[in-house]
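Only one structure is covered here, and it is reproduced in the block below.
Fair warning: this is a prediction, and the values are worked out from it, not measured in the lab.
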Amino acid sequence: MAVIHKIGRRKCAVARVYVTEGTGKITVNKREFTTYFPTATLQYKVMQPLAMTENAGNFDVKVNVYGGGTTGQAEAVRMALARVMCEVEAENRAILKPEGLLTRDPRMVERKKFGQKKARKRFQFSKR
């Protein structure tokens with residue numbers, strides 16, 4: 001099996017994933033993925049597509065991720081890994097699609113408007 005390359009996106013985060021057959025080693029930005037994503041929730045999100053398709057120890061994963069925050073980055077990696085699992089075996093699509101792992105989440109941060117404190121919050125109006 002050659003190297004499979006896929007891209008995942010979430011908010012402003014972009015993850016490029018390179019997967020080869022191996023022992024299950026996951027590297028994110030040249031660091032161990034447990035140190036890059038320290039919380040159990042983020043680690044679960046990254047491992048979700050591999051665990052659902054029962055491929056957790058079969059592939060070595062190299063990830064380059066940038067932009068956004070840690071949650072957006074973890075979800076971008078999850079989407080890219082789900083796309084890889086679909087390319088590895090076509091039956092995996094039926095497992096991952098109902099869970100929503102192949103759908104790009106379109107929600108983005110709403111921009112701040114002029115004359116307002118934030119996107120929706122307005123300055124206090126006082127009538128004396």
Side-chain angles (χ1 to χ4, degrees):
M1 178 182 116
V3 177
I4 299 175
H5 170 246
K6 291 290 177 186
I7 294 177
R9 293 183 183 89
R10 171 73 171 99
K11 292 187 178 178
C12 290
V14 179
R16 293 183 313 215
V17 172
Y18 303 90
V19 176
T20 56
E21 285 187 19
T23 58
K25 188 169 189 280
I26 300 176
T27 330
V28 181
N29 290 351
K30 298 178 183 172
R31 287 167 37 194
E32 185 65 38
F33 106 101
T34 52
T35 58
Y36 193 85
F37 297 117
T39 64
T41 311
L42 296 177
Q43 291 172 15
Y44 170 76
K45 283 183 181 179
V46 170
M47 292 298 293
Q48 199 173 359
L50 295 171
M52 289 177 71
T53 57
E54 297 166 0
N55 286 318
N58 301 344
F59 298 103
D60 285 341
V61 181
K62 184 174 171 280
V63 181
N64 292 331
V65 65
Y66 61 91
T70 52
T71 305
Q73 287 186 350
E75 292 180 11
V77 172
R78 176 174 72 175
M79 182 184 192
L81 280 174
R83 287 177 171 174
V84 167
M85 291 300 111
C86 287
E87 189 167 312
V88 166
E89 199 171 325
E91 293 89 52
N92 289 339
R93 186 172 180 83
I95 300 167
L96 299 170
K97 183 79 171 150
E99 296 295 320
L101 299 184
L102 297 172
T103 307
R104 163 74 158 94
D105 194 345
R107 295 177 295 171
M108 298 291 279
V109 176
E110 190 174 337
R111 77 175 200 88
K112 181 197 172 297
K113 280 77 168 190
F114 64 90
Q116 294 182 14
K117 214 173 180 79
K118 297 191 322 190
R120 299 197 177 190
K121 187 175 183 177
R122 290 165 166 78
F123 289 113
Q124 186 169 333
F125 177 74
S126 63
K127 204 169 42 169
R128 288 189 186 215

When rounded to the nearest 0.5 Å, the distance separating NE2 of His5 from CD of Glu87 is 11.0 Å

*Below 4.5 Å, heavy atoms only, C-beta onward: do Tyr36 and Gln73 meet side chain to side chain?*
yes

Donor-acceptor pair, side chain of Asp60 and main chain of Thr20, under 3.5 angstrom: no

Scanning both residues in full, the closest heavy-atom pair of Ala74 with Leu42 reads CB-CD2, 3.8 Å

Inset, instruction - I would like to know whether Val88 and Phe59 meet side-chain contact (heavy atoms from CB on, under 4.5 Å); could you show each step before the answer? - result: CA-CA 11 Å; Val88 166; Phe59 298 103; 3.8 Å; yes

Residues passing the side chain to side chain donor-acceptor pair (under 3.5 Å) test with Glu91, sequence neighbours excluded, are none

Query raised in the report: Sub-3.5 Å donor-acceptor pair from the side chain of Asn29 to the main-chain atoms of Val65, do we have one?
Result: yes

Smallest heavy-atom separation, Leu81 atom then Val46 atom, equals CD1-O, 3.3 Å

query = Are Ile4 and Val63 co-members of a hydrophobic cluster defined by side-chain heavy atoms under 4.5 Å apart?
reply = yes

Tightest non-hydrogen contact, residues Thr70 and Phe37, listed as O-CE2, 3.7 Å

Nearest heavy-atom contact between Arg93 and Pro98 is O-CD, 4.2 Å

Other residues, nucleotides and ligands only: do more than 12 of their heavy atoms fall within 6.0 Å of CZ on Arg104? yes

*asked:* With a sphere of 6.0 Å drawn around CD of Glu110, does it hold more than 12 non-hydrogen atoms of other residues, nucleotides or ligands?
replied: yes

Test item: Asn92 side-chain N/O and Thr53 main-chain N/O as donor-acceptor pair under 3.5 Å:
no

Interatomic distance, OG1@Thr27 vs OH@Tyr18, rounded to 0.5 Å, equals 13.0 Å

* Validation row: Arg10, Arg107 side chains within 4.5 angstrom (heavy atoms) -> yes

*asked:* How about NZ on Lys117, more than 12 heavy atoms from neighbouring residues, nucleotides or ligands closer than 6.0 Å, or not?
replied: no

One should read off an interatomic distance between Met85 CE and Leu50 CG, to the nearest 0.5 angstrom, of 5.0 Å

Rounding to 0.5 Å, atoms NZ (Lys62) and CD1 (Ile26) come to a distance of 14.0 Å

- prompt: Under 4.5 Å between side-chain heavy atoms, hopping through other hydrophobics if needed: is there a path connecting Leu102 to Ile95?
  reply: yes

Phe123 and Gln116 have their tightest heavy-atom pair at CE1-C, 3.7 Å

Taking side chain as C-beta onward, heavy atoms only, is Thr71 less than 4.5 Å from Lys45? yes

* Asked: Do Glu99 and Met52 have side-chain heavy atoms sitting under 4.5 Å apart?
  -> yes

Cluster membership besides Val14, Ile/Leu/Val/Met/Phe/Trp/Tyr side chains within less than 4.5 angstrom, sorted by chain and number, is Ile7, Tyr66

Smallest heavy-atom separation, Lys6 atom then Ala80 atom, equals CB-O, 3.8 Å

In Arg83, Met79, Gln48, the residue satisfying side-chain contact (heavy atoms from CB on, under 4.5 Å) with Leu101 is Gln48

